[in-house]
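One structure is given below, encoded as structure tokens.
None of these values were measured; they are calculated from a predicted model.
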Amino acid sequence: MKLLLFLSNTIIPLLIFYIVGTGLLQKQNIYEEFIHGAEDGFRTVIKIMPTLIGLMVAVGILRASGLLDAVSSVFSHMISSKIIPSEIIPVFVIRLFSNSAATGLALDIFKKYGTDSMLGYISSIMMSSTETVFYTMSVYFMSVNIKKTRWTLSGAMLATIAGTIASILLAKQLQ
């Protein structure tokens with residue numbers, strides 16, 4: 001365990017020293033390369049900023065309007081609560097759009113039911129085994145100007161559903 005902690009504390013600084021050392025040995029201007037990369041990154045952030053703001057506003061509107069609760073109740077009536085607990089459905093839906101909003105919902109579950117409860121386990125595992133599908137697709141596809149996403153959405157939704165089901169099964173084994 002101490003070796004793992006040592007590695008986790010030293011791997012990033014060692015990687016940085018390796019990159020800088022390799023650049024110096026190859027007689028490259030490391031500072032100019034760093035500045036050029038930072039400029040490219042800043043241009044990308046400016047390019048995707050409207051998409052990020054739109055997603056954040058949309059998630060805020062969903063939460064404030066009560067539409068999220070309505071969608072969750074529709075899904076909970078369609079799905080047996082024995083399969084997916086109804087308290088997890090809002091986390092599942094919001095997780096597709098925003099990690100921070102889903103984290104807020106998961107924290108609400110922790111406060112209400114406890115971190116060591118079945119719902120706490122499910123939300124914790126689900127947060128680490130699913131992705132913000134629409135956020136990720138919009139940011140990455142917008143940054144490289146991809147218009148046709150083909151099977152990306154279907155594959156990402158399938159992976160998210162699989163991650164959610166796996167989190168429920170794993171949480172049940174922990175209980």
Remaining members of [X]'s ILVMFWY cluster at a side-chain heavy-atom cut-off under 4.5 Å?
{"X": "Phe42", "value": "Ile46"}
{"X": "Ile53", "value": "Val45, Met49, Val57, Ile61"}
{"X": "Phe17", "value": "none"}
{"X": "Val20", "value": "Ile11, Ile12, Ile16, Leu24, Ile30"}

Sequence neighbours excluded, which residues qualify as side-chain contact (heavy atoms from CB on, under 4.5 Å) partners of [X]?
{"X": "Thr22", "value": "Tyr18, Gln26"}
{"X": "Asn29", "value": "Tyr31, Glu32"}
{"X": "Leu158", "value": "none"}
{"X": "Thr160", "value": "Phe92, Leu96, Thr130, Val133, Thr164"}

Do the side chains of [X] and [Y] join up, straight or via other hydrophobic residues, at under 4.5 Å, putting them in one cluster?
{"X": "Ile165", "Y": "Met126", "answer": "yes"}
{"X": "Ile125", "Y": "Leu105", "answer": "no"}
{"X": "Leu153", "Y": "Val144", "answer": "yes"}

Going through the checks in order, is the side chain to side chain contact (heavy atoms under 4.5 Å, CB included) test met by Glu87 and Ile122?
CA-CA 10 Å; Glu87 295 86 359; Ile122 293 172; over 6 Å; no
So which pairs with a foot in residues 125-172 pass ring-ring contact (aromatic ring centres under 6.0 Å, His included), sequence neighbours left out?
Phe97-Phe134
Calculate, to the nearest 0.5 Å, the distance between atoms CE and CD1 belonging to Met137 and Ile146 respectively.
9.5 Å
When rounded to the nearest 0.5 angstrom, what is the spacing between CG in Leu174 and CG in Leu169?
11.5 Å
Do Lys47 and Asn145 come close enough that some side-chain heavy atom pair is under 4.5 Å?
yes
Shortest non-hydrogen pair, Gly163 vs Ser129, comes out as O-OG, 3.3 Å
Quick check: does any side chain N or O of Ser98 sit under 3.5 Å from a backbone N or O of Ile94, one acting as donor and the other as acceptor?
no
Just do the side chain to side chain contact (heavy atoms under 4.5 Å, CB included) check on Val91 and Met127 with the steps written out, would you?
CA-CA 8 Å; Val91 179; Met127 289 294 290; 4.1 Å; yes
Qualifying residues under side-chain hydrogen bond (donor to acceptor under 3.5 Å, both in side chains), relative to Thr103, sequence neighbours excluded
none
What residues, two or more places apart in sequence or in another chain, satisfy salt bridge (charged side-chain N to carboxylate O under 4.0 Å, His left out) together with Glu39?
Arg43
With a cut-off of 3.5 Å and sequence neighbours excluded, list every side-chain donor-acceptor pair involving residues 110-121.
from   : atom 1 : to     : atom 2 : distance (Å)
Ser117 : OG     : Tyr113 : O      : 3.3
Ser117 : OG     : Gly114 : O      : 2.8
Ser117 : OG     : Gly120 : N      : 3.0

